[in-house]
Structures are given as C-alpha cells and as structure tokens.
Student: 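I have a structure here, written as structure tokens, and I will follow up with some questions on it.
Chain letters run A, B, ... following the sequence lines, proteins first, then strands; residues in each count from 1.
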2 protein chains.
Amino acid sequence: MQEKMCFVSNKEPFEYTLSIISGKWKLKIIYLLACITPVRYNMLKKDIDGITHKMLSTQLKELEQEDIILRNEYPQVPPKVEYSLTPKGESLIPIVMAMCSWGKEHNRK
Amino acid sequence: MQEKMCFVSNKEPFEYTLSIISGKWKLKIIYLLACITPVRYNMLKKDIDGITHKMLSTQLKELEQEDIILRNEYPQVPPKVEYSLTPKGESLIPIVMAMCSWGKEHNRK
DNA sequence: CCGTATCCTCAGGGATACTG
DNA sequence: CAGTATCCCTGAGGATACGG
C-alpha cells in the first residue's frame, strides 16, 4: 500500500520544535524569560504587548507542561509567582538569538 | 509623560523576525524550500500536511511580498510555477537548522 | 497578586467552484 | 496546473467577574 509521497524524509524534529514554539505568544514569553530571569507574572504581562490575562495564563501553563519553563510559587500573601527557563527552555536560547540577529540584519530603518 | 515601563530594551529586531516567520505555515514552507529548491506549487501542497489551497496561496504571496521567496512562472500550458528562497530567505536557514537540531535533541519519540 | 471560568464575538481559514 | 472568489462556519481568544 502506497503511502502519501513525501519528498522530505525526516520532518519530525522540525515539526516537534514548531509544535512547542509556534503560536502568537510562546516565543515572546521565552524571549523575555531569556532576558530577565526569574520574572514575575505581572512583569511578563506588562512587557508582552497586548497579551491578555487569559492568554498569558494558558500559554504559561502549556510551556510549563512541555518542561520549557519553571513555575515557582511563594506561599505568601499577596501571592508571588516567578517564572524561569528550565534547562530545556534555555537550550532554545540559540534559536532566539538567531532570530534576534536576523531581525537586526534585515529590519530596514 | 511617562511611557509604559518596559524592562527589555530592544525587542524590535526579534519582533520583526516573528512578524515574518510566525503563523501556522510560514516556517513549514521555508523549511521545505530549504530542502528542495526550486519546488512547484503542487509539490509544496503535497508535502505540507493539511494545508489548503487557499492558505498555501496566501502564505506564499505574503512571503513573496516580504522578499523571502521568489516566484518563477513559466509561460506554458499547463502553467508551471516554481518557488525558491531569495537570499533574504536563505539567510533564515540557520534558524531552521537550529530548530531541527533542537527537535532532534528533545523529541522523545 | 495570581489564576480560572464563563460568555460571546469575529475574523481566520475550510469547502467548493470557477478561470486562465 | 496554478490561482482567485465566494460563502460560511468554527474556535481562538477578548472582556469580565469571581476565587484563593
């Protein structure tokens, strides 16, 4: 039985990375966590332009489930929660850096 | 007048890159064009899983407008159109490669 | 301060048909 | 074969309010 003909053999690693990284907010969060660590929820919200409460929450939770970020909750009142990159998350930094320098290179003006 | 406090100074290059690259399909297209060049419309469609006619068209057009890909139309019947990366597009390949190897590293089967 | 739930809107994008 | 147009629907995500 002939499967669908596909000319690129091993797309899986790339697609896996995409599944982690893609979406409107994930990379912005990772970028910020690469710059300031650890960072509190409200600072993330302030620094990510246009993100809503709900989106930030869900995105953070997803990244946490993928073991990209670490959630550290301080048992105090008022609550304080800090986020940081896991080692797996830190290993994404080269990609972020590459995107940065590409942007510097090609962003006219 | 105090502008919104922001703790990461120069996000623009990164955001620019994101604006080019983000979306559900852009990077997949670029990835394929990095693997097989030049490539015809129908082969792209076959190799990009689940993309619709309409999406592929619009994404290709957007990438062309950003000077990431090149559209080469052969004046014959039936029509033949080939796409390839521009130099600007090729300069994205390091990012794609970085994503590939990250995926290889971290994708537990 | 941080997170979740609920509701509701609206535009991204799918299905389909048509053209050169 | 490659691309456009039209219609239409669905679900991502915004606004809001409440809870720990």
Student: What is the distance, rounded to the nearest whole Å, between atom OH of B/Tyr41 and atom P of C/dG20?
Tutor: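 To the nearest whole Å, that distance equals 18 Å.
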Student: Check the distance between D/dA2's P and B/Glu82's CD and give it to me in whole angstrom.
Tutor: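 Those two atoms, CD and P, are 9 Å apart.
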Student: Would you list the pairs meeting salt bridge (charged side-chain N to carboxylate O under 4.0 Å, His left out) in which at least one residue belongs to residues 31-44 of chain A, sequence neighbours left out?
Tutor: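 Qualifying pairs, neighbours excluded: none.
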Student: Roughly how many Å is it from CG in B/Leu44 to P in D/dA2, rounded to a whole number?
Tutor: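 Between P of D/dA2 and CG of B/Leu44: 9 Å.
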Student: Would you mind reading off the distance between B/Trp25 atom CH2 and C/dG13 atom C1', rounded to a whole angstrom?
Tutor: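 About 10 Å, once rounded to whole Å.
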Student: Let me know the distance between CD1 of B/Ile51 and P of D/dA2, rounded to the nearest Å.
Tutor: 14 Å
Student: Under a 4.0 Å heavy-atom cut-off, which of residues 54-64 of chain A touch DNA chain D?
Tutor: A/Lys54, A/Met55
Student: With sequence neighbours left out, write down each residue that passes side-chain hydrogen bond (donor to acceptor under 3.5 Å, both in side chains) with A/Lys88, or none if nothing qualifies.
Tutor: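 Checked A/Lys88 against side-chain hydrogen bond (donor to acceptor under 3.5 Å, both in side chains); matches are A/Tyr16.
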Student: Please determine whether a side-chain nitrogen or oxygen atom of B/Thr52 lies at a distance below 4.0 Å from atom OP1 or OP2 of C/dG14.
Tutor: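 Result: yes.
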Student: Is the backbone of B/Ala34 close enough, under 3.5 Å, to the side chain of B/Thr37 for a donor and an acceptor to pair up by distance?
Tutor: no
Student: From the options C/dA17, D/dG14, C/dC2, select the nucleotide whose nearest atom is closest to the side chain of B/His53.
Tutor: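 Shortest atom-to-atom distance from the side chain points to C/dA17.
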Student: Among C/dG14, D/dC1, D/dG20, which nucleotide has an atom closest to any side-chain atom of A/Pro79?
Tutor: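 Output: D/dG20.
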Student: Tabulate below the donor-acceptor pairs under 3.5 Å that side-chain atoms of residues 62-70 of chain A make, not counting sequence neighbours, or state none.
Tutor:
{"unit_1": "A/Glu62", "atom_1": "OE1", "unit_2": "A/Lys26", "atom_2": "NZ", "d": "2.9"}

Student: For B/Gln76 and C/dG20, give me the distance from atom CD to atom P, rounded to whole Å.
Tutor: 19 Å
Student: For B/Trp102, enumerate each residue passing the side-chain hydrogen bond (donor to acceptor under 3.5 Å, both in side chains) test, keeping only those at least two apart in sequence or located in another chain.
Tutor: A/Ser91, B/His106
Student: Please report, rounded to the nearest Å, how far the C1' atom of C/dC2 is from the CG atom of A/Asn72.
Tutor: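 Spelled out: CG on A/Asn72 to C1' on C/dC2 is 14 Å.
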Student: Donor-acceptor check, side chain of A/Ser22 to backbone of A/Ser19, threshold 3.5 angstrom: yes or no?
Tutor: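 No; zero donor-acceptor contacts below 3.5 Å.
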Student: Run the side-chain donor-acceptor check on residues 76-84 of chain B: report pairs under 3.5 Å with partners two or more places apart or on a different chain.
Tutor:
{"unit_1": "B/Glu82", "atom_1": "OE1", "unit_2": "B/Tyr74", "atom_2": "OH", "d": "2.9"}

Student: What's B/Tyr74 touching, base or sugar-phosphate or nothing? Going by heavy atoms closer than 4.0 Å.
Tutor: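 B/Tyr74: no heavy atom of the nucleic acid under 4.0 Å.
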Student: What is the distance, rounded to the nearest whole Å, between atom OH of B/Tyr83 and atom P of D/dA2?
Tutor: 9 Å
